[in-house]
Amino acid sequence: MRAVFLLILLLLSPWADLPGEETAESPVASSFPDRSGAFAGVAFGSTLENAREQWQLEALEGASVPGAPVQVFLREEESHVFGGIRVREVIYYFLRGRFYAVGFSTPDTRQTTILREALELGYGAAPHEDGSSRSLVWPGQAISAQMLVDSRSGEGKMLFFSNALQPEYEETLREAAAKTAAGM
């Protein structure tokens, strides 16, 4: 069963078809975001300009407050099939013009289960769970993942994010919360 999920993860990987040198490490391990430091050929931390050289991005209307440090984009002609699962829209987050995170959602329990197993294979461990078991976190060396699961519908929301940019992102959340509180 684990071999099937390993194959699914390899197929899930949008970087699997990129040229590269063969190593003793498994193809899944070397292509997984935490080891490659990239998603779909763009390194986390890359500038928006560099990402636009690889991707055609369009701003997600209504997703950000004008002038906010976080910009949200969709990629044109994005595949929503990763190996053996179908995901909903794939969303790209840029923090002060640098690629910070990519997120997507799964539509049902089956897709969510496959994605969770793929993350366990990619990170080589089960996730850390919060007290309610709603939030699952896979801490990585460079790129971590978080998954939220709706226990009623089985839908999941998953986010790969840059550990290097995470403290700055958290600071922007605190700043936005202070502005929001002052504006109420």
Side-chain angles (χ1 to χ4, degrees), residues 12-15 18 32-34 36-82 85-108 111-112 115-116 119 122 127-128 130 132 134-184:
L12 175 82
S13 170
W15 331 263
L18 295 176
F32 200 74
D34 187 41
S36 70
F39 184 84
V42 175
F44 286 87
S46 293
T47 65
L48 180 56
E49 294 77 25
N50 287 346
R52 283 191 160 140
E53 291 173 7
Q54 297 282 328
W55 302 331
Q56 290 185 326
L57 296 170
E58 63 181 67
L60 182 59
E61 286 190 41
S64 299
V65 173
V70 177
Q71 295 176 294
V72 183
F73 295 90
L74 297 175
R75 196 170 97 184
E76 291 183 22
E77 300 182 25
E78 179 83 60
S79 173
H80 292 154
V81 176
F82 293 93
I85 67 169
R86 174 171 293 281
V87 299
R88 295 192 174 141
E89 66 188 1
V90 181
I91 301 173
Y92 297 85
Y93 298 87
F94 286 79
L95 174 63
R96 295 189 172 103
R98 293 177 291 159
F99 180 35
Y100 160 66
V102 60
F104 48 85
S105 59
T106 53
D108 59 39
Q111 308 300 317
T112 302
L115 180 58
R116 180 183 171 152
L119 290 168
H128 297 268
D130 70 3
S132 68
R134 274 195 67 233
S135 178
L136 308 172
V137 177
W138 288 266
Q141 295 294 318
I143 308 301
S144 293
Q146 180 180 23
M147 178 183 262
L148 300 172
V149 179
D150 183 324
S151 60
R152 289 175 288 168
S153 69
E155 295 171 314
K157 294 189 183 296
M158 199 284 305
L159 184 76
F160 282 120
F161 60 91
S162 165
N163 293 348
L165 294 174
Q166 185 63 18
E168 186 176 345
Y169 176 76
E170 290 173 6
E171 180 60 31
T172 68
L173 290 177
R174 287 188 291 277
E175 290 168 3
K179 286 180 185 178
T180 302
M184 293 183 151

Item to check | By side-chain contact (heavy atoms from CB on, under 4.5 Å) - contacts of R88 (at least two apart) | outcome: S105, P107, E155
Checklist outcome for this item: Residues passing the side chain to side chain donor-acceptor pair (under 3.5 Å) test with E170, sequence neighbours excluded, are Q166
Next on the checklist: Looking at every non-hydrogen atom in both residues, tell me the closest pair between S64 and Q71 and how far apart they are.
Outcome noted: OG-CA, 3.9 Å
Checklist outcome for this item: Hits for side chain to side chain donor-acceptor pair (under 3.5 Å) against S46, two or more places apart or cross-chain, chain-then-number order -> none
Checklist entry - Going from CE on M147 to CG on L115, what distance comes out if it is rounded to the nearest 0.5 angstrom? => result 3.5 Å
Checklist entry - How would you list all residue pairs meeting salt bridge (Lys or Arg N to Asp or Glu O under 4.0 Å) that involve residues 175-184, not counting sequence neighbours? => result R96-E175
Checklist entry - If you look only at pairs with a residue in residues 163-184, which of them pass as a ring pair (Phe, Tyr, Trp, His ring centres under 6.0 Å), with sequence neighbours excluded? => result Y100-Y169
Checklist entry - If you round to the nearest 0.5 Å, how far is CZ of R98 from CG of L95? => result 6.0 Å
Item to check | Rounded distance [0.5 Å steps], CD in E78 versus CD in E58 | outcome: 11.0 Å
Next on the checklist: So, using side-chain contact (heavy atoms from CB on, under 4.5 Å) as the criterion, who are the partners of P127 when residues are at least two apart?
Outcome noted: R116, E120, L136, W138
Item to check | F39 ring center near F99 ring center (under 6.0 Å) | outcome: no
Item to check | Qualifying residues under side chain to side chain donor-acceptor pair (under 3.5 Å), relative to T106, sequence neighbours excluded | outcome: T112
Item to check | Audit row: L60, Y93, side chain to side chain contact (heavy atoms under 4.5 Å, CB included) steps and yes/no | outcome: CA-CA 10 Å; L60 182 59; Y93 298 87; over 6 Å; no
Next on the checklist: Give me the atom names and distance for the closest heavy-atom approach of G45 to L165.
Outcome noted: CA-CD1, 4.2 Å
Checklist entry - If you round to the nearest 0.5 Å, how far is OG of S162 from CD1 of I143? => result 5.0 Å
Item to check | Minimum-distance pair of heavy atoms, taken over all atoms of F44 and P33 | outcome: CE1-CB, 4.4 Å
Item to check | Close side-chain approach of V90 and V102, heavy atoms under 4.5 Å | outcome: yes
Item to check | Partners passing side-chain contact (heavy atoms from CB on, under 4.5 Å) against L57 (at least two apart in sequence or in another chain) | outcome: L48, A51, R52, W55, F73, R75, Y92, F94
Checklist entry - Going from NZ on K157 to CG on L148, what distance comes out if it is rounded to the nearest 0.5 angstrom? => result 8.5 Å
Checklist outcome for this item: Separation between CD (E61) and CG (L74), nearest 0.5 Å, reads 10.0 Å
Checklist entry - Got a sec, which residues hit side-chain contact (heavy atoms from CB on, under 4.5 Å) with Q141, two or more places apart in sequence or on another chain? => result D34
Next on the checklist: Given 3.5 Å as the limit, does a donor-acceptor pair link the side chain of Q146 with the main chain of L159, or not?
Outcome noted: no
Checklist entry - Any donor-acceptor pair under 3.5 Å linking the side chain of S144 with the backbone of N163? => result no
Checklist outcome for this item: With sequence neighbours left out, the residues meeting side chain to side chain donor-acceptor pair (under 3.5 Å) with E171 are R174
Checklist entry - Looking only at heavy atoms, which two atoms of M184 and T180 are closest? And how far apart? => result CG-O, 3.1 Å
